[in-house]
*Asks:* 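Please read through the structure below; I'll follow up with questions.
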2 protein chains.
Amino acid sequence: MEHIKPMQISIDIESATPLFSQLVMQIKQAVQDEKVKPGDQLPSIRQLAYDLDMNNKTVAKAYRLLERDSVIVAKGYRGTFIHPEAQANCTIDLNKWVRKELTNTIQSFRQAGVTDSEIRIAFADVLNQSTGV
Amino acid sequence: MEHIKPMQISIDIESATPLFSQLVMQIKQAVQDEKVKPGDQLPSIRQLAYDLDMNNKTVAKAYRLLERDSVIVAKGYRGTFIHPEAQANCTIDLNKWVRKELTNTIQSFRQAGVTDSEIRIAFADVLNQSTGV
DNA sequence: ATATGTGCCGTGTGTACTAATGGTACAACT
DNA sequence: AGTTGTACCATTAGTACACACGGCACATAT
């Protein structure tokens with residue numbers, strides 16, 4: 001049994017921001033503050049869920065997103081670790097990029113006279129029709 | 001009192017497609033089939049609503065959309081008429097363009113690993129934050 | 001046996017939107 | 001007075017989704 005840094009994470013159950021999102025942000029923050037460094041092992045999903053008193057799935061969701069952003073690396077039964085280039089990848093905000101793109105697209109629609117309602121419907125259709133990843 | 005062509009419109013109350021949408025489509029179809037021609041007067045909103053047994057607002061919504069697409073022209077107390085270039089404007093499908101743009105945007109998001117769920121949330125945020133038309 | 005990440009099945013609650021309905025009122029004209 | 005399009009107030013039912021929760025199972029390793 002290895003010693004794993006106790007991850008000073010505080011979850012606010014009252015906050016409006018989702019639990020999984022709080023987790024993601026705080027872990028990214030810890031990486032940027034160099035409180036954790038590449039190669040460091042993270043608590044297991046089940047363990048962290050127990051410590052923070054939340055469901056496994058919620059923690060798993062946070063881990064899944066962090067891995068997609070290459071901030072952590074899951075190695076199956078061996079555990080989960082901080083990604084070698086975690087710090088650099090933390091600054092890449094996929095979300096901001098998405099919003100920027102969407103803002104431009106939506107604005108062009110509006111200028112063409114398309115109703116917000118119509119935009120929503122078209123968006124929902126497109127997102128559902130073509131099979132997602 | 002002028003004679004107005006009786007607008008052979010049949011609304012299917014059971015259909016999944018919204019009533020206002022059925023109206024829009026059928027009027028556009030009538031224009032393309034040349035059953036109505038530029039300058040022809042349309043029934044008033046209230047009259048058509050009475051004939052089709054639906055609410056004024058529903059018909060008004062259809063008229064509003066048709067006017068935005070320059071298929072009809074509302075002249076206030078004088079009534080509503082078929083737009084001079086209605087036929088040409090019928091073929092311009094604003095909706096198709098919107099979907100095409102959205103399809104491209106969404107696909108680029110997906111390829112970047114963004115979850116559909118994340119896309120939805122970002123989309124809703126952007127649409128609500130910036131003031132719509 | 002025990003632990004790892006991961007997958008699929010489901011439930012419940014809250015939110016947000018569409019679609020359609022109704023009422024009332026206005027200015028501008030015949 | 002009556003009609004036109006249009007604007008504002010509102011409610012109702014239905015749908016869709018996010019979020020968090022729970023149980024069960026798997027392969028892979030120590």
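Note that these values count all heavy atoms, side chains included, but never hydrogens, waters or copies made by symmetry. Chain naming here is simple, since letters A, B, ... match the order of the sequence lines and numbering starts at 1 in each.
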*Asks:* Using 30° and 60° as the class limits, which term best fits the ring planes of Trp97(A) and Phe109(B): parallel, tilted or perpendicular?
*Replies:*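 Rings of Trp97(A) and Phe109(B): perpendicular, as their planes differ by over 60°.
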*Asks:* Using OP1 and OP2 only, check whether a side-chain N or O of Ser44(A) sits under 4.0 Å from dT4(C).
*Replies:*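 True: Ser44(A) side-chain N/O within range (under 4.0 Å) of dT4(C) OP1/OP2.
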*Asks:* Using whole Å, what does the distance between atom C1' of nucleotide dT4(C) and atom OH of Tyr63(A) come to?
*Replies:*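 In whole Å, dT4(C) C1' and Tyr63(A) OH are 12 Å from each other.
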*Asks:* Between the base of dG5(D) and the side chain of Arg46(B), is one N or O donor paired with an acceptor at under 3.5 angstrom?
*Replies:*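 Flag set: donor-acceptor pair detected.
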*Asks:* Using whole Å, report how far CZ of Arg78(B) lies from C1' of dA28(C).
*Replies:*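 In whole Å, dA28(C) C1' and Arg78(B) CZ are 9 Å from each other.
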*Asks:* Strictly distance-based, threshold 3.5 Å: is any side-chain N or O of Asn104(B) a donor or acceptor partner for the main-chain N or O of Glu101(B)?
*Replies:*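 Checked: no pair found.
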*Asks:* Nearest-Å distance, NZ (Lys75(B)) to C1' (dT3(D))?
*Replies:*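 Taking NZ of Lys75(B) and C1' of dT3(D), I get 17 Å after rounding.
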*Asks:* dT4(D) P sits how many Å from Tyr50(B) OH, rounded?
*Replies:*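 Rounded to whole Å, this separation is 14 Å.
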*Asks:* Please state how far atom CD in Gln41(B) lies from atom P in dT3(D), giving the value in whole angstrom units.
*Replies:*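 So the two atoms are 14 Å apart, to the nearest Å.
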*Asks:* Just by modelled atom types, is the Ser70(A) backbone N or O under 3.5 Å from a matching donor or acceptor in the Asn89(A) side chain?
*Replies:*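 Present.
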*Asks:* Closer than 4.0 angstrom, basic N to acidic O: yes or no for Arg68(B) and Glu118(A)?
*Replies:*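 Glu118(A) and Arg68(B): salt-bridged.
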*Asks:* Under 4.0 angstrom, heavy atoms only, what part of the nucleic acid is Glu67(B) near: base, sugar-phosphate, or nothing?
*Replies:*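 Answer is sugar-phosphate: Glu67(B) comes under 4.0 Å of backbone atoms only.
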*Asks:* Using only side-chain N and O atoms of Tyr77(B), determine if any of them is under 4.0 Å from OP1 or OP2 of dA28(C).
*Replies:*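 No, because none of the side-chain N or O atoms of Tyr77(B) sits under 4.0 Å from OP1 or OP2 of dA28(C).
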*Asks:* Do Ser117(A) and Thr115(A) pair up side chain to side chain, a donor and an acceptor below 3.5 Å, judged on atom types alone?
*Replies:*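 Judged by distance alone, the side chains do not pair up.
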*Asks:* Please report the distance, rounded to the nearest Å, between CG in Leu65(B) and C1' in dG5(D).
*Replies:*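 After rounding, the gap between these two atoms is 15 Å.
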*Asks:* With sequence neighbours left out, write down each residue that passes side chain to side chain contact (heavy atoms under 4.5 Å, CB included) with Ala74(B), or none if nothing qualifies.
*Replies:*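 Checked Ala74(B) against side chain to side chain contact (heavy atoms under 4.5 Å, CB included); matches are Glu67(B), Thr80(B).
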*Asks:* Might you work through the side chain to side chain contact (heavy atoms under 4.5 Å, CB included) test for Lys28(A) and Val31(A), ending with a clear yes or no?
*Replies:* CA-CA 5 Å; Lys28(A) 282 189 177 179; Val31(A) 170; 5.6 Å; no
*Asks:* So if I define the base as every atom that isn't primed, P, OP1 or OP2, how would nucleotides 12-22 of chain D read as a B/S/- string at a heavy-atom cutoff under 4.0 Å?
*Replies:* -----SSSSBB
*Asks:* Calculate the interatomic distance between Leu48(B) atom CG and dT3(D) atom P; express it in whole Å.
*Replies:*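 For the pair Leu48(B) CG and dT3(D) P, the rounded distance is 16 Å.
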*Asks:* Rounding to a whole Å, what distance do you find between Ile72(B):CD1 and dT4(D):C1'?
*Replies:*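 Computing the Ile72(B):CD1 to dT4(D):C1' distance gives 13 Å.
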